[in-house]
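We name chains A, B, ... by the order of the sequence lines, and we start the count at 1 in each one. Note that these values count all heavy atoms, side chains included, but never hydrogens, waters or copies made by symmetry. If you're wondering where the values come from, they're calculated on a predicted model, not measured in any experiment.
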Amino acid sequence: GENVEQHPSTLSVQEGDSAVIKCTYSDSASNYFPWYKQELGKRPQLIIDIRSNVGEKKDQRIAVTLNKTAKHFSLHITETQPEDSAVYFCAAMDTGGFKTIFGAGTRLFVKA
Amino acid sequence: DTEVTQTPKHLVMGMTNKKSLKCEQHMGHRAMYWYKQKAKKPPELMFVYSYEKLSINESVPSRFSPECPNSSLLNLHLHALQPEDSALYLCASSQDTINQPQHFGDGTRLSIL
């Protein structure tokens with residue numbers, strides 16, 4: 001079955017810097033990759049997603065890139081702000097499209 | 001606004017109690033999910049309902065019993081839980097089950113005494 005690895009587990013950046021979180025997946029048939037943000041004590045919220053027919057997608061300060069050959073996908077946050085501090089989970093849908101397999105999470109700290 | 005509503009927000013119960021968690025969505029989604037989340041861990045899938053039928057049971061112990069009375073409601077019945085079952089229980093929904101983003105509720109924080 002699908003396995004998702006996520007790095008780093010913790011990331012600390014200065015306000016205004018960029019943050020990059022990287023994930024790898026194992027099942028080459030997976031074709032949907034969402035990213036969720038979870039603030040302390042709150043629910044996970046979808047922030048961006050990408051499908052396998054697209055190499056990059058941007059939404060304001062957030063971008064996701066996908067390299068299907070290498071089975072890598074990454075989240076890029078530019079001009080980070082303190083409110084970006086949260087845990088970020090990458091995920092991949094399994095081959096059948098029924099199950100979301102989450103990475104272990106990255107705790108992002110943005111220092112003001 | 002939270003589009004997926006879960007009740008109660010907090011629940012403390014003893015190991016012999018029976019209780020239920022409730023989840024409701026009015027987005028017309030046809031897939032609903034239960035997840036268990038321990039501190040500092042990702043959500044862990046428990047059950048998936050697709051068009052009101054149980055599609056996936058991730059080998060969850062029988063002390064957890066899901067129910068989907070209609071396309072908007074999802075329940076999780078709890079009985080004879082163990083202390084290690086203490087966690088945040090998240091409900092989610094999606095348009096259908098195939099490669100769609102999930103919308104999560106705020107969760108029920110469950111403590112087993």
**Item:** Audit row: B/Y33, A/T100, side-chain contact (heavy atoms from CB on, under 4.5 Å) steps and yes/no
**Value:** CA-CA 10 Å; B/Y33 311 77; A/T100 301; 5.8 Å; no
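- Only the side chain of B/Q37 comes within less than 4.5 Å of a heavy atom in chain A; its backbone stays farther off.
- Between B/E58 and A/K99, some side-chain heavy-atom pair lies under the 4.5 Å cut-off.
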Using a 3.5 Å cut-off and no angle test, enumerate the donor-acceptor pairs between side-chain atoms of residues 104-112 of chain A and protein atoms at least two apart in sequence or in another chain.
| residue | atom | partner | partner atom | Å |
| --- | --- | --- | --- | --- |
| A/T106 | OG1 | A/Q6 | NE2 | 3.0 |
| A/T106 | OG1 | A/P8 | O | 2.5 |

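- In terms of hydrophobic clustering, with Ile, Leu, Val, Met, Phe, Trp and Tyr side chains grouped at heavy-atom distances under 4.5 Å, B/M32 and B/V60 are assigned to a common cluster.
- One finds the CG atom of A/D49 at 9.0 Å from the CD atom of B/Q100 (value rounded to the nearest 0.5 Å).
- Contacts with chain B were tallied for A/S9, A/G103, A/P44, A/G41; A/P44 has the most, counting heavy-atom pairs under 4.5 Å.
- Residue B/L54 is grouped with residue B/W34 when hydrophobic side chains (ILVMFWY) are merged at heavy-atom distances under 4.5 angstrom, including chains of intermediate members.
- Between the A/R43 side chain and the B/F104 main chain, a donor and an acceptor come within less than 3.5 Å of each other.
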**Message:** As a quick check of understanding, evaluate side-chain contact (heavy atoms from CB on, under 4.5 Å) for B/N99 and A/R51, giving each step before the final call.
**Reply:** CA-CA 9 Å; B/N99 294 331; A/R51 298 183 187 274; 3.6 Å; yes
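- Separating the CG atom in B/L88 from the CD atom in A/Q38 is a distance of 7.0 Å, to the nearest 0.5 Å.
- Residue contact with chain A, scored on non-hydrogen atoms closer than 4.5 Å, involves the backbone and the side chain of B/I98 alike.
- Put simply, A/L46 and A/I101 are part of two different groups of oily side chains (I, L, V, M, F, W, Y) that touch within less than 4.5 Å, one to the next.
- Within residues 55-67 of chain A, no residue has a heavy atom under 4.5 Å from a heavy atom of chain B.
- Hydrophobic clustering, with ILVMFWY side chains joined whenever heavy atoms are under 4.5 angstrom apart, groups B/F47 together with B/L78.
- Counting heavy-atom neighbours within 6.0 Å of B/R30 CZ, excluding the residue itself, gives a total above 12.
- Of the atoms belonging to A/Q45, not a single heavy atom falls under 4.5 Å from chain B.
- Interface with chain B: from residues 21-37 of chain A, residues A/N31, A/Y32, A/Y36 qualify, criterion being any non-hydrogen pair under 4.5 Å.
- Taken together through direct or relayed side-chain contacts under 4.5 Å among Ile, Leu, Val, Met, Phe, Trp and Tyr, A/L75 and A/M93 form parts of separate hydrophobic clusters.
- Within a 6.0 Å radius of CG in B/L113, more than 12 heavy atoms belonging to other residues, nucleotides or ligands are found.
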Taking only distance into account, with no hydrogens and no angle test, what donor-acceptor pairs under 3.5 Å do side-chain atoms of residues 14-24 of chain B form with protein atoms, sequence neighbours excluded?
| residue | atom | partner | partner atom | Å |
| --- | --- | --- | --- | --- |
| B/N17 | OD1 | B/G14 | N | 2.8 |
| B/S20 | OG | B/H77 | ND1 | 2.6 |
| B/E24 | OE2 | B/H26 | NE2 | 2.7 |

